[in-house]
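First up is the structure itself, then whatever we jot down about it.
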Amino acid sequence: MNKTVVASPDFERQIEMDFLRATEIAALNTLQWLGKGEKEKADEAASDAIRGMFDLMDISGEVVIGEGIKDKAPGLFKGERVGSWKEGTPRFDIALDPVDGTTNVSKGMPNSVSCIAATQTAADGQPSLQDIPAFYMKKLAYPLKVRQAWMKDPSLPIDIEAPIEEVIDVTARILGKEVRDVVVCVLDRPRNGELIEAVRRKGAALRMIIDGDIAAALAPAMRTSNINLYAGIGGAPEAILSAAGLRCLGGGMRAQIWPKDEEERQSLIASGWGEMLDKQFMSRDLARGESIIFAATGISNSPLLKGVEVEGSVATTHSVLMRARSGTVRFIEAHHNLERKTIHLRSTQAERKV
């Protein structure tokens, strides 16, 4: 018989470290596959660790934005229940990507993180993390100063439909930079080819990434990053996680559904999303409310976080933990003694050494 658990009024403050522990052990368990050419194995290892941590948490959680939509990876999927689900435990909607940047991990390259966004389930039953039934979204992410300037003057071309040259010009003006010093990050994909050429013609500083657009979308809002804009077409699930993080950081993002082909467009229309194809979603549309927790741990170095570092018997993880309610952003460096460190895996239902 399940024991009744009574949550405190500010349960987020108590539970947030457990979400962070989940991304930490996911990063640690993934390290064994760094550079091994096995991205599915890396994803499976991270997912196993996260599930194992959730098994120890007294929450009633449901994955509302899961992983594996694009490549059928071995991830945590939409509708999956996590946590103890004991009577009285707080309900959480959860979005996660056990490994954002699986290709990067498989090749031993930079820009991979493990991340989780969680928010207490809304009393009105409306989704607090908006599931978008599409593969891709067109995105534009920008710093707090740019968002504040647009709020004062909505005529500014901070807009997905605006030419990127105009977005760069206004960003340079707001940040007090020369155009050549505005750093624009873009996912290196053929679908972003025209955007990449436009940034080059404009003379801004282009930074291209192979994979891992959550860290890149958050980077413009991070004081520790030199990236000023993130633009281009990337994953739709990743857009929701990025929006949750940006809600905590204060930066802004616009995103628009980008059907990958006519078949997907017609499928979206048939499922009632036709009127939403032209809508520009803002961060608050994708991640609603103030009850948002965002945790991420670096696997390999990214604009957001350093990756896992191992020296002798000590592994060092670098993480960020954020809350929208308070606006607090914590950077956490943890040193794990590998001779004593154990993690709880779902697959074994037991603790084992890293």
Side-chain angles (χ1 to χ4, degrees), residues 7-8 10-30 46 49-54 56-59 61 63 65 76 82-83 90 92-101 111-120 128-129 141 144 212 214-225 238 240-251 253 283 287 289-309 315-336 341 343-344:
S8 69
D10 191 8
F11 188 72
E12 293 172 31
R13 185 173 290 167
Q14 299 174 31
I15 201 69
E16 61 182 357
M17 285 301 297
D18 283 342
F19 287 112
L20 177 67
R21 289 185 182 98
T23 61
E24 278 184 346
I25 64 174
L28 289 170
N29 206 38
T30 302
I50 289 175
R51 282 191 176 101
M53 186 63 216
F54 277 139
L56 304 178
M57 294 171 64
D58 279 330
I59 62 170
V63 177
I65 309 294
L76 290 96
V82 295
F92 277 92
D93 293 338
I94 295 169
L96 76 172
D97 199 339
V99 180
D100 179 44
N111 205 42
S112 60
V113 298
S114 176
C115 56
I116 297 173
T119 179
Q120 292 199 49
S128 51
L129 298 168
L144 174 61
I214 295 175
L218 294 179
M222 302 293 294
R223 296 181 181 180
T224 54
S225 167
E238 289 84 350
I240 315 307
L241 279 152
S242 301
L246 289 166
R247 288 292 319 285
C248 299
L249 287 166
M253 183 179 73
S283 297
E290 303 304 322
S291 175
I292 300 171
I293 299 169
F294 183 93
T297 300
I299 301 171
S300 59
N301 290 343
S302 75
L304 179 63
L305 294 162
K306 288 183 180 179
V308 181
E309 301 167 329
T316 302
T317 55
H318 304 272
S319 306
V320 63
L321 177 63
M322 308 184 284
R323 290 180 72 199
R325 189 186 302 277
S326 62
T328 301
V329 179
R330 291 184 174 92
F331 287 96
I332 299 170
E333 179 178 296
H335 302 271
H336 309 269
K341 177 74 174 181
I343 60 177
H344 184 85

[Y] and [X], any side-chain heavy atoms less than 4.5 Å apart:
{"X": "Leu144", "Y": "Leu249", "answer": "no"}
{"X": "His336", "Y": "Glu24", "answer": "yes"}
{"X": "Leu321", "Y": "Phe331", "answer": "no"}

**OP:** Return yes if some donor-acceptor pair links the side-chain N/O of Asn111 with the main-chain N/O of Ser302 below 3.5 Å, else return no.
**Re:** no

**OP:** Report yes or no: do Thr119 and Asp93 form a side-chain donor-acceptor pair below 3.5 Å?
**Re:** no

Original post:
Between Thr23 and Ser114, do the side chains contain an N or O donor and an N or O acceptor separated by less than 3.5 Å?
Top reply: no

Original post:
Shortest non-hydrogen contact from Ala287 to Ala243?
Top reply: CB-C, 4.1 Å

Original post:
Which heavy-atom pair separates Leu241 from Ala95 by the least distance, and what is that distance?
Top reply: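 For Leu241 versus Ala95, the nearest heavy atoms are CD2-O, 3.4 Å.
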
Original post:
Can you check salt bridge (charged side-chain N to carboxylate O under 4.0 Å, His left out) on Glu290 and Arg323, steps first, answer last?
Top reply: CA-CA 8 Å; Glu290 303 304 322; Arg323 290 180 72 199; over 6 Å; no

**OP:** Using the side chain to side chain donor-acceptor pair (under 3.5 Å) rule, take Ser112 and Ser300 through it: C-alpha gap first, then chi angles, then the decisive distance, then the call.
**Re:** CA-CA 5 Å; Ser112 60; Ser300 59; 2.5 Å; yes

**OP:** Output all residues satisfying side-chain contact (heavy atoms from CB on, under 4.5 Å) with Thr316, sequence neighbours left out; order by chain, then residue number.
**Re:** Glu309, Val314, His318, Glu333, His335

**OP:** Measure from the ring center of Phe19 to the ring center of Phe92 and say whether it is less than 6.0 Å.
**Re:**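 Phe19 vs Phe92: aromatic centres under 6.0 Å.
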
Subject >> Electrostatic pair Arg330:Glu16 at N-O distance under 4.0 angstrom >> reply: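 Yes, Arg330 and Glu16 are salt-bridged.
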
